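Accompanying notes for the structure given below.
FYI, side chains are in, hydrogens and waters are out, and symmetry mates aren't considered; it's all heavy atoms of this structure. Both ligands and their constituent atoms are indexed starting at 1 by order of listing. Everything numeric here is computed off the predicted structure, so don't read it as measured data.
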Amino acid sequence: MAVPLLDLSRQYEYLKPELDKAVVKVLTHGRFILGPEVKELEEKLAQLCAVKHASGVASGTDALLLALNACGIGPDDEVITTDFSFFATAGVVSRLGARPVFVDIEPDTYNIDPNLIEAAITPKTKAIVPVHLFGQLADMDPIMDIARRHNIKVVEDAAQAIGAEYKGRPAGSFGDYGCFSFYPSKNLGAGGDGGLIVTDNDDNIELLRILRVHGAKPKYYHRIIGYNSRLATIQAAVLLVKLPHLRKWSEKRIEHARIYDEAFHGIDAITCPAVKEYSTFHIYNQYTIAVDNRSRLIDALKKVSIGFEIYYPVPFHLQECFAYLGHKPDEFPVSTRAAGKVISIPIYPEMTEVEQAEVIDTVKKAVS
Ligand SMILES: *Cc1c(COP(=O)(O)O)cnc(C)c1O
């Protein structure tokens with residue numbers, strides 16, 4: 001039996017009447033850019049994140065770009081982030097002319113190791129971008145403590161962690177800015193690209209709302225050089241239909257994760273994802289295991305058409321585009337080891353018991 005890594009058609013099946021209606025409504029009222037649905041979604045997501053404000057933007061990548069721009073990041077600045085994440089996290093830093101400074105990760109969560117951050121700080125350091133990888137928050141208490149002591153901004157890359165919690169507090173509410181993505185494979189996915197930035201600060205939100213419309217306020221009077229980066233109204237309408245289901249979907253992912261944990265328990269060749277005590281709500285955007293003989297597992301999964309993905313095969317410091325940073329291959333041993341061992345397997349909410357049993361069976365046989 002084939003099991004896809006993700007099957008969005010199952011979601012559409014039961015949300016079809018509502019989704020179709022919501023999209024047609026936008027087509028009818030015609031306010032395609034920053035229409036009423038965008039405002040409603042911003043209010044609801046600010047509430048979900050326990051902050052005052054939210055600003056919809058064109059993608060999760062743009063959320064990071066605009067947030068770092070709003071922090072004043074530019075040439076000669078340094079921004080500390082993890083060595084192990086989706087490309088956008090580090091790419092936006094370079095796009096602003098600043099230098100991404102990588103820090104190795106914790107071996108069990110794959111998140112930035114807070115114990116290594118302080119050694120990476122220089123007089124040029126302006127911000128830290130912790131990533132809440134796979135749906136579990138980075139260890140935010142020590143990170144916020146370091147940032148406060150050194151007067152450094154914090155921009156959370158919460159693209160994979162919408163609704164996730166650290167000690168009961170939601171992702172995006174810790175830093176100066178929290179950045180989210182509505183890329184279709186995220187826990188809350190749009191029908192295309194989309195993103196959002198949250199902040200608790202009144203001045204910050206004013207700046208973000210100007211930045212996303214070419215730096216203009218009022219229209220055609222450009223205070224600063226900004227971007228064209230808005231969340232499309234149609235996407236906001238889609239997201240408003242899905243939002244009430246988000247908590248339940250994430251809980252379903254947790255259920256699947258517990259079943260995997262139990263099934264793989266005691267198998268030396270498989271390292272299951274760690275859940276830290278501070279991680280009061282891990283939303284499992286991915287269920288990522290580490291295995292010794294990954295190519296054998298990949299062959300087995302391919303043979304029976306079970307979906308998988310390697311998030312991520314190459315750590316930042318080994319990416320060709322970052323060769324100019326001059327890193328040595330062995331500089332970040334934990335992320336390098338992770339890149340060679342990790343593999344993410346299906347965990348979407350609508351996956352059936354039979355499908356999950358098939359995945360478990362295939363994985364177990366392949367590693368034994
Ligand atoms: C998805 C993702 C992004 C980028 O989001 P897009 O909406 O695809 O631009 C950034 N960071 C992380 C960790 C992501 O997973």
Heteroatom proximity flag, [X] to ligand 1, N/O under 3.5 Å:
X: D62; result: no
X: Y183; result: no
X: F182; result: no

Report, in ascending order of atom number, the atoms of ligand 1 lying under 4.0 Å from any heavy atom of [X].
X: A159; answer: 2 (C), 3 (C), 10 (C), 11 (N), 12 (C), 14 (C), 15 (O)
X: T89; answer: 11 (N)
X: V131; answer: 13 (C)
X: S85; answer: 13 (C)
X: Q160; answer: 13 (C), 14 (C), 15 (O)

Below 4.0 angstrom, N of the basic side chain to O of the carboxylate: do [X] and [Y] qualify?
X: E251; Y: R247; result: yes
X: R149; Y: D145; result: yes
X: K21; Y: E18; result: no
X: D62; Y: R212; result: no

For H245 and K242, test the side chains for any donor-to-acceptor distance below 3.5 angstrom and give the result as yes or no.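 Absent: no donor and acceptor within the cut-off.
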
Relative to the ring of F102, is the ring of F316 parallel (under 30°), tilted (30 to 60°) or perpendicular (over 60°)? tilted

Heavy-atom contact check, 4.0 Å cutoff: does H132 meet ligand 1? no

